[in-house]
Amino acid sequence: MLDHFSYIITVFLMVSGLYIVMARGNLIKKLIGLSIFQTSVYLLYIVPAKLVGGTAPIISPQFSVYSNPLPHVLILTAIVVGVATMALGLALAVRIREAYGSIEEDEITRLDNAAEQAETR
Amino acid sequence: MSLLAHAPALQVVLPLVSAPLAVLLRHRNAAFAVVTAGAWAAFAAAIALWLQVGESGVISYHIGNWAPPWGIEYRVDRLTSFVLLLVSGMASIVLPYSRASIEREIPRELHYLYYAMFGLCLTGLLGMTITGDAFNIFVFLEISSLSTYVLIGLGRDRRALSASYRYLIMGSIGATFIVLGIGFLYLMTGTLNLADMAVRIRDIESSRPVLAALAFLTVGISLKVALFPLHQWLPNAYTYAPSAVTAFLAATATKVSVYVLIRFYFSVFGESLVFAKLPLPEIMLLLSLLGMFAANFIAIFQDNLKRLFAYSSVGQIGYITLGLSFDSFNGLAASIVHLFNHGIAKGAIFLLIGGIVAAGAKAGTGPLPLSFDRLAGLSRRMPLTCFGIVIAGLSLIGVPGTAGFVSKWYLILAAMDKGQWWLVAAILASSLLAVAYVWRFVEAAYFRPAADEVRREAPLSMLLPAWLLVLGSIWFGLDTSVTLGSALDAAQHLIGSKP
């Protein structure tokens with residue numbers, strides 16, 4: 001059980017993030033869920049790459065245990081992507097607030113449906 | 001020639017450089033010139049690569065001279081070069097078109113940003129196609145996705161914003177699923193290079209993480225492909241995005257995702273794993289059929305012309321994935337060739353619809369003159385536009401003499417190879433649904449009385465690119481050496497041998 005501690009945390013974050021995205025109607029809360037979901041993937045990559053006591057891959061007689069640097073670099077990229085997604089999502093939420101006067105999904109869907117019915121009539 | 005040797009890198013770098021340049025120039029004409037030049041240069045590079053692959057086979061380009069599997073490798077085979085041609089070609093046609101189109105749909109001070117985003121989107125799509133590195137696929141996927149969300153959000157209607165937001169949520173979930181899948185593969189194989197991964201995966205084929213990776217990748221990519229129950233983001237995004245954006249996305253974005261799916265299935269996991277260990281062909285067959293029938297059926301009842309063809313796109317994606325699910329030479333060839341044929345036909349239709357919007361905006365009839373009441377008698381006002389939509393519509397149906405026929409023919413051949421006659425009937429029956437929705441347009445435009453009969457065509461700079469694609473969908477129905485030739489070549493390369 002304790003051996004897989006990090007995986008349990010990863011799965012917990014993943015599932016709860018995805019649940020928030022699906023279950024919440026508030027656009028900001030959805031983005032928070034999305035962020036948690038993405039963060040869980042960072043953990044999934046980083047944890048197997050890190051060895052206890054491991055160091056950066058520098059050839060030196062003092063060190064014999066190394067962590068794998070590649071996943072760290074990959075996740076650095078993924079974090080940047082996550083930040084960009086979050087920034088864009090929040091910007092869209094602001095624009096939606098300006099255009100609809102609400103950031104609740106139900107309300108926006110209601111307004112959209114009303115507009116659609118007005119068009120077809 | 002040394003420049004030619006670097007064509008794989010230039011393919012991606014040139015549009016990538018054009019995007020920030022467009023932002024720095026801050027002027028819409030200058031931005032237009034730079035990004036269009038970038039797209040045309042990318043198209044030239046794609047043609048060069050296509051010819052080069054024909055001569056010398058697979059091209060492997062090492063970024064920064066770092067040898068794979070450590071460095072990032074760009075790998076161009078027949079399928080890659082074929083998709084590169086489609087993507088860069090569509091960008092080269094849509095960009096000149098968009099100048100007149102966005103004039104009426106996007107505020108002027110935002111034009112330079114539109115071009116910058118277009119350049120980035122093109123970069124992402126080309127990069128996803130050409131790269132031979134799994135994590136690189138994710139990075140380019142996000143470059144293209146993020147710029148796509150912005151492009152959709154530029155639409156005039158406020159519903160463009162909510163459509164863009166919805167796509168952002170769905171798309172990010174899809175992309176995260178893809179990283180998850182790649183992560184599992186990396187953990188199991190210790191490599192990110194697709195070719196290297198394909199070799200190493202053989203020893204651990206049936207281990208659970210590999211199967212989990214396959215499942216995550218399938219769901220994640222299917223979200224981007226808009227495979228039937230995962231298509232909810234698509235209709236609104238296509239309907240409310242600016243016309244030029246809709247045309248470009250419909251012709252390329254989902255197609256590149258299909259390409260990535262094919263790449264993972266056939267070049268990494270291998271047929272035996274994908275199609276034997278999991279009930280994937282059955283699931284895919286079922287979802288494709290549902291898409292072909294349900295989406296095409298929903299399309300018939302839409303009142304907005306753009307939304308009608310958006311649903312038709314979901315249906316057409318069904319044909320592409322149906323070909324994949326056969327796991328046969330002809331099926332794969334049908335998928336690949338339909339990817340191209342549907343791309344140009346749907347691109348043509350959305351470009352022409354953009355013309356209707358532009359002409360309507362000029363006449364002051366409101367921003368979205370696309371309900372069928374407004375379209376009544378349109379053929380008298382815009383004969384060339386309507387005729388173009390009808391021809392491209394025939395290609396969607398799959399009438400002999402159009403490009404759509406070629407792909408449907410191969411799809412039917414593949415179904416007959418399997419001895420599945422009921423599938424042949426299903427493909428024909430779903431084509432009848434396509435007849436129905438194209439007929440709705442014909443009925444409104446040609447047989448209803450017009451409110452006024454003043455001729456008011458779209459500007460020439462919009463008609464010309466659109467008609468280029470319309471003629472293309474006839475040309476590739478008659479001369480199939482480029483499209484079908486490439487598809488058969490690619491299928492043979494992927495599957496290994498002819499049946």
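Numbers restart at 1 for each chain; the letters A, B, ... are given by sequence-line order, proteins then strands.
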Measuring heavy-atom distances to chain A, does [X] have an atom under 4.5 Å in its side chain, in its backbone, in both, or in neither?
{"X": "B:I173", "answer": "both"}
{"X": "B:I143", "answer": "neither"}
{"X": "B:Y186", "answer": "side chain"}
{"X": "B:L141", "answer": "neither"}

Worksheet item: To the nearest 0.5 Å, what is the distance between OG1 (A:T85) and CG (B:L146)?
Response: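 That separation rounds to 4.5 Å.
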
Fill in: Top of B:S172, B:G153, B:S145 for chain A proximity - count of heavy-atom pairs under 4.5 angstrom
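Maximum pair count with chain A is reached by B:S172.
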
Worksheet item: Out of B:V139, B:V179, B:I169, which one racks up the most heavy-atom pairs below 4.5 Å with chain A?
Response: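 Between B:V139, B:V179, B:I169, the count favours B:V179.
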
Worksheet item: Could you name the residues of residues 93-101 of chain A that have a heavy atom within less than 4.5 Å of a heavy atom in chain B?
Response: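 So far as heavy atoms go, A:R95, A:I96, A:A99, A:Y100 are the residues that approach chain B to under 4.5 Å.
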
Worksheet item: Which residues from residues 9-26 of chain A are near chain B, with near meaning under 4.5 Å between non-hydrogen atoms?
Response: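 Hits under 4.5 Å: A:M14, A:L18, A:V21.
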
Item to complete: Examine whether an atom of A:I108 lies under 4.5 Å from a heavy atom of chain B, and if so say whether it belongs to the side chain, the backbone or both; otherwise answer neither.
Response: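 Side chain only.
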
Worksheet item: Can you tell if the side chain of B:Y165 reaches within under 4.5 Å of the side chain of A:L31, non-hydrogen atoms only?
Response: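 Side chain of B:Y165 against side chain of A:L31, heavy atoms only: contact under 4.5 Å found.
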
Worksheet item: Heavy-atom distance under 4.5 Å between the side chains of B:E142 and A:V80, does that happen here?
Response: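 B:E142 does not reach A:V80 side chain to side chain.
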
Discussion item. Quick check: closest heavy atoms across A:V81 and B:F138, and the distance to 0.1 Å?
Written reply: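 Reported closest heavy-atom pair: CG1-CZ, 4.1 Å.
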
